[in-house]
Chemist: 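Can you read through this structure? Questions will come right after.
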Protein chains: 2
Amino acid sequence: MLKFSKKADYALLALQYMAMVQYGINAVPRVVNTKEIAEEHNIPLELLAKVLQTLARHQLIESHHNGPKGGYVLGREPKDITIAQVLESIEGPLGLTDCSQEKYQSTCDQMARCNIRTPLLKIQDSVLQLLNGMSIEDMMVDESPFVIIESVKPEGVSS
Amino acid sequence: MLKFSKKADYALLALQYMAMVQYGINAVPRVVNTKEIAEEHNIPLELLAKVLQTLARHQLIESHHNGPKGGYVLGREPKDITIAQVLESIEGPLGLTDCSQEKYQSTCDQMARCNIRTPLLKIQDSVLQLLNGMSIEDMMVDESPFVIIESVKPEGVSS
DNA sequence: TCTAGTCAAGAGTATTTTGGTCGGAGACTA
DNA sequence: TAGTCTCCGACCAAAATACTCTTGACTAGA
């Protein structure tokens, strides 16, 4: 419940990676291709390809060109790519319930006596605000890829 | 994306209805049965039955007894039933990503180089806080079903 | 005690969504 | 211009979800 889809996960992962390559500390900006990201993160190449295509279509990234040395770059600065935009590109308009999209409202035969629509929209609003307030930049937690989370390891390795 | 499942919708609808019957203005508290709710809201009887069973198993509602005049009542006051509890009963533990549940962490082969886990958990936390802060009572917005929320509109959300 | 109304629980089916695959078309390099 | 390498869009399979059916147990009231 409330789970991101794999595609959304992959998208965030990829964007974060690209952001690090282009804007990270000591970064040497360059074009990155699908294969590189897929191998880096161990995700199915073809699926990631599709995800990136979608992101490109929504201008979050730009396909540099085809052929050898082709690839993608971010379409804007990391701080200008919000989590909400990413999710929306991948999954279509966000909404806790169908009736938050106007075009579906007519199909809901309980609109009239639906008392939960309003409070639901309120929740949804807050969630959206949250997702809109967070960008790829916020995911660029410096360089260290290895952050030991103590809950993984049984005994106090953290020190 | 981020959508509630139908079952979750039905659960909220049912709880809100029961709350109105028991605690609403001028309410005459009584037991309500599955059929009544299903007809009231036009949802498949059998499916709703299963949803209510689940809620009962989680003590959010109580089955009054079998047989004629049987039915359900709320297990506690509306303000003590949070949205998060409802969702969790229906859909199991909530979490934006698998690795928020400890038992799945080991199965994720990219834990080591996963840079998005931490920020994702942060988002998730906020969402959960939101859902925990809202209860069935908040859904008892007296009788008027149509309240237009202006914040849905694109402009000036944050104001 | 018999009947009808109700909750309880399981298995089974259909439909939608999601994850993943394939075969090209275009573009660059040599 | 041949040979790669890349993006791209249509396609397929598997999984999750929504919904149904059947059976059973229990209770109130005739």
Side-chain angles (χ1 to χ4, degrees), chain A residues 1-11 13-14 18 30-39 41-73 75 87 89-95 97-98 104 107-108, chain B residues 1-14 18 30-39 41-75 87 89-92 97-98 107-108:
Chain A
M1 163 89 272
L2 280 185
K3 215 175 295 176
F4 286 170
S5 67
K6 285 246 175 83
K7 282 199 242 179
D9 273 347
Y10 295 161
L13 229 29
M18 293 172 71
R30 60 186 171 79
V31 170
V32 298
N33 64 34
T34 311
K35 199 169 155 201
E36 177 182 342
I37 304 177
E39 287 176 351
H41 285 291
N42 239 52
I43 49 192
L45 175 65
E46 292 84 359
L47 184 54
L48 177 63
K50 211 156 68 165
V51 169
L52 293 181
Q53 285 165 30
T54 308
L55 292 178
R57 215 178 306 124
H58 287 84
Q59 275 121 39
L60 297 184
I61 62 179
E62 285 169 5
S63 85
H64 210 244
H65 60 232
N66 288 352
K69 311 212 69 176
Y72 294 99
V73 293
L87 295 181
S89 301
I90 300 292
E91 325 248 4
L94 326 155
T97 158
D98 281 335
Y104 288 118
T107 71
C108 178
Chain B
M1 164 87 272
L2 278 185
K3 215 176 293 175
F4 286 170
S5 68
K6 287 249 173 83
K7 281 199 241 178
D9 273 347
Y10 295 161
L12 290 173
L13 228 30
M18 294 172 71
R30 59 185 171 80
V31 170
V32 297
N33 63 35
T34 311
K35 199 168 154 201
E36 176 181 344
I37 304 177
E39 285 176 353
H41 286 291
N42 239 52
I43 50 192
L45 175 66
E46 291 85 358
L47 185 54
L48 176 64
K50 228 167 34 177
V51 169
L52 293 181
Q53 283 169 31
T54 307
L55 292 179
R57 219 176 304 127
H58 287 83
Q59 276 122 40
L60 296 184
I61 61 179
E62 285 169 5
S63 82
H64 209 244
H65 62 232
N66 289 353
K69 312 210 72 176
Y72 294 99
V73 293
L74 290 188
L87 294 182
S89 301
I90 300 292
E91 325 248 3
T97 158
D98 281 334
T107 71
C108 178

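Worth knowing before you read on, the calculation uses all heavy atoms, side chains too, and leaves out hydrogens, waters and symmetry mates. Since the model is a prediction, treat every value here as computed from it, not as a measurement.
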Chemist: Using atom CG of Leu48(B) as one end and atom C1' of dT20(D) as the other, report the distance to the nearest whole Å.
Modeler: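 It works out to 14 Å between those atoms.
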Chemist: Could you write nucleotides 5-15 of chain D as a row of B, S and -, 5' to 3', where a protein heavy atom under 4.0 Å of any base atom gives B, of only sugar-phosphate atoms gives S, and otherwise -?
Modeler: BSSBBBB----
Chemist: Ile61(B) CD1 to dC7(C) C1': how many Å, rounded?
Modeler: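 Atom CD1 in Ile61(B) sits about 11 Å away from atom C1' in dC7(C).
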Chemist: When rounded to the nearest 0.5 angstrom, what is the spacing between CD1 in Ile43(B) and CG in Leu13(B)?
Modeler: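 Separation between the atoms: 5.5 Å.
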Chemist: Heavy-atom distance under 4.5 Å between the side chains of Ser5(B) and Tyr10(B), does that happen here?
Modeler: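 They are not in contact (no side-chain heavy atoms under 4.5 Å apart), so the answer is no.
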Chemist: Figure out the CG/C1' separation between Leu47(B) and dG10(C), and round it to whole Å.
Modeler: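 Going from Leu47(B) (CG) to dG10(C) (C1'), I get 15 Å.
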Chemist: Does Tyr72(A) reach the side chain of Thr34(A), with side-chain heavy atoms less than 4.5 Å apart?
Modeler: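 In contact.
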Chemist: Tell me, please, which residues at least two apart from Val31(A) pass side-chain contact (heavy atoms from CB on, under 4.5 Å).
Modeler: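 Testing Val31(A) for side-chain contact (heavy atoms from CB on, under 4.5 Å), a comparison that skips the adjacent residues, returns His64(A), Val73(A).
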Chemist: Could you give the CD1-to-P distance, from Ile43(B) to dC19(D), as a whole number of Å?
Modeler: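 My rounded result for the distance is 9 Å.
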Chemist: Between P on dT17(D) and CZ on Phe4(B), what's the gap in Å once rounded to a whole number?
Modeler: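 Rounding to the nearest Å, CZ of Phe4(B) and P of dT17(D) are 15 Å apart.
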Chemist: What's the spacing between Glu36(B) CD and His41(B) NE2 if we round to 0.5 Å?
Modeler: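 That separation rounds to 9.5 Å.
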Chemist: What integer distance in Å separates Leu55(B):CG from dC7(C):P?
Modeler: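 Between P of dC7(C) and CG of Leu55(B): 13 Å.
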Chemist: Under 4.0 Å between a side-chain N or O of Tyr10(B) and OP1 or OP2 of dC19(D)?
Modeler: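 Checking dC19(D) against Tyr10(B), a side-chain N or O does come within under 4.0 Å of OP1 or OP2.
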Chemist: If I take atom NZ in residue Lys6(B) and atom C1' in nucleotide dC19(D), what distance separates them, rounded to the nearest angstrom?
Modeler: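 That distance rounds to 10 Å.
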Chemist: Less than 4.0 Å between a side-chain N and a carboxylate O, is that true for Lys3(A) and Glu91(B)?
Modeler: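 Answer for the salt bridge query: no.
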Chemist: Whole-Å distance between dG19(C) P and Ile90(A) CD1?
Modeler: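 Going from Ile90(A) (CD1) to dG19(C) (P), I get 11 Å.
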